[in-house]
Protein chains: 2
Amino acid sequence: MPYLEEIKTRLKAKDYKITPQRKVIIKTFADNMEKHLSAEDVYQIVKDTNPEIGLATVYRTLDILAELQILKKIDFGDGRYRYEFCNEDDHHHHHLICLKCERVFEFEDDLLESLEAIINKKSGFKIVDHQLKFYGYCSECQKSKE
Amino acid sequence: MPYLEEIKTRLKAKDYKITPQRKVIIKTFADNMEKHLSAEDVYQIVKDTNPEIGLATVYRTLDILAELQILKKIDFGDGRYRYEFCNEDDHHHHHLICLKCERVFEFEDDLLESLEAIINKKSGFKIVDHQLKFYGYCSECQKSKE
DNA sequence: TTGTTTGCAAAGCATTTGCAGAGCA
DNA sequence: TGCTCTGCAAATGCTTTGCAAACAA
């Protein structure tokens, strides 16, 4: 996760202004590092301290932060996009989505790098990003099967 | 891809009726095996021969076929769901999505099985499905970079 | 015949956009 | 000050739903 100062620098570099709304949205992600917040989630959290903020502003800010690669826009297939801080290094993690409790777990892994190399060699496709989701049952839900 | 007779049997087994609309939608997928059709795509194709069909019927039929695991509902992140025949065997393929021409290529691969075993061992999460998307540039678009 | 299925139109949701006023630099 | 940003409301695009008529079995 980038430092707050670093984020501000990156915004300024693209001539984006540092507004209170943008600050508080960034802070929301810093305060919820382990979560995968949707625009609506962010809106609900931010409204507590800034009741006048508009949902459209949240969407616009998330767009900018994703464009600057500060946030990553992810899609768990539940009909809304979610956002998390980009990993600075190449260290990828995958998402394990429980089909029962719907919680999302993370799993650190680098194995996909070798697969990307294989694909590039065999098909000539140049990969710049990937998204891997696993669906199944978390250990708790396996115990409490009905 | 399941035989048409087999599909009808599976529909009947769940007390779904074999209607002309359902038949023609299934046929559309049989005629477009290599494509990833959206509901709107199917609707446009089917309207040629059955102009009276409704888009809602297409959606309802796709839901049923996905529920019966005849079709697989996939999400390329372009704001609409797409459908393709389920693979009968475990033979998985991944999707390579070109960020320039937006075409979707397929890549056959089984390597994820070993990754699933590792995850299960390390985290206790029991995986029943996965979805892997690679984003990048196809060989053609790499040549014609502007 | 009878419960499903269909087509239509309206509703639902997440997200985007237009616009006039507010505010950062 | 000048141009970006914001909040609001309306619009958008995909998908779902309610309902009465049509239809498969």
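Residue numbers begin at 1 in each chain, while the letters A, B, ... track the order of the sequences.
Cation-pi geometry between B:Lys100 and B:Tyr137 is not satisfied (NZ or CZ under 6.0 Å from the ring centre, within 45° of the ring normal).
For B:Phe105 and B:His95, the ring centers sit 6.0 Å or farther from each other.
Closest approach to the B:Lys73 side chain among D:dA24, D:dT16, D:dC5 is made by D:dT16 (side chain taken as heavy atoms from C-beta onward). In the set C:dT17, D:dA24, D:dC5, C:dT17 carries the atom at the smallest distance from any side-chain atom of A:Ala56. Considering only the side chain of B:Glu52, C:dG7 comes nearest among D:dA24, D:dC8, C:dG7. When the nucleotides C:dA25, D:dA24, C:dA14 are ranked by their closest atom to the side chain of A:Tyr59, C:dA14 comes out on top. When the nucleotides C:dG7, D:dT6, D:dC14 are ranked by their closest atom to the side chain of B:Arg80, D:dC14 comes out on top. Of the candidates D:dG7, C:dT17, D:dC5, D:dC5 carries the atom nearest the A:Lys17 side chain, counting heavy atoms from C-beta on.
Heavy-atom distances to DNA chain D give each of A:Asn50 and B:Glu40 a nearest nucleotide, and the one nearer the 5′ end belongs to A:Asn50. Nearest-nucleotide positions on DNA chain D for A:Leu55 and B:Arg60 put A:Leu55 closer to the 5' end.
C:dT15 atom P lies 15 Å from atom CG of B:Asp78, rounded to whole Å. Between B:Ile18 atom CD1 and C:dG3 atom C1' there is a gap of 16 Å when expressed in whole angstrom units. Atom NZ in B:Lys23 sits roughly 16 Å away from atom C1' in C:dT4 (whole-Å rounding). Atoms NZ (B:Lys12) and P (C:dT4) sit 17 Å apart, rounded to a whole Å. Distance NZ (A:Lys14) to P (C:dC24): 23 Å, rounded to an integer number of Å.
Using modelled atom types, one side-chain atom of B:Asn120 and one backbone atom of B:Phe125 make a donor-acceptor pair closer than 3.5 Å.
A side-chain donor from one of A:His93 and A:Glu84 sits under 3.5 Å from a side-chain acceptor of the other.
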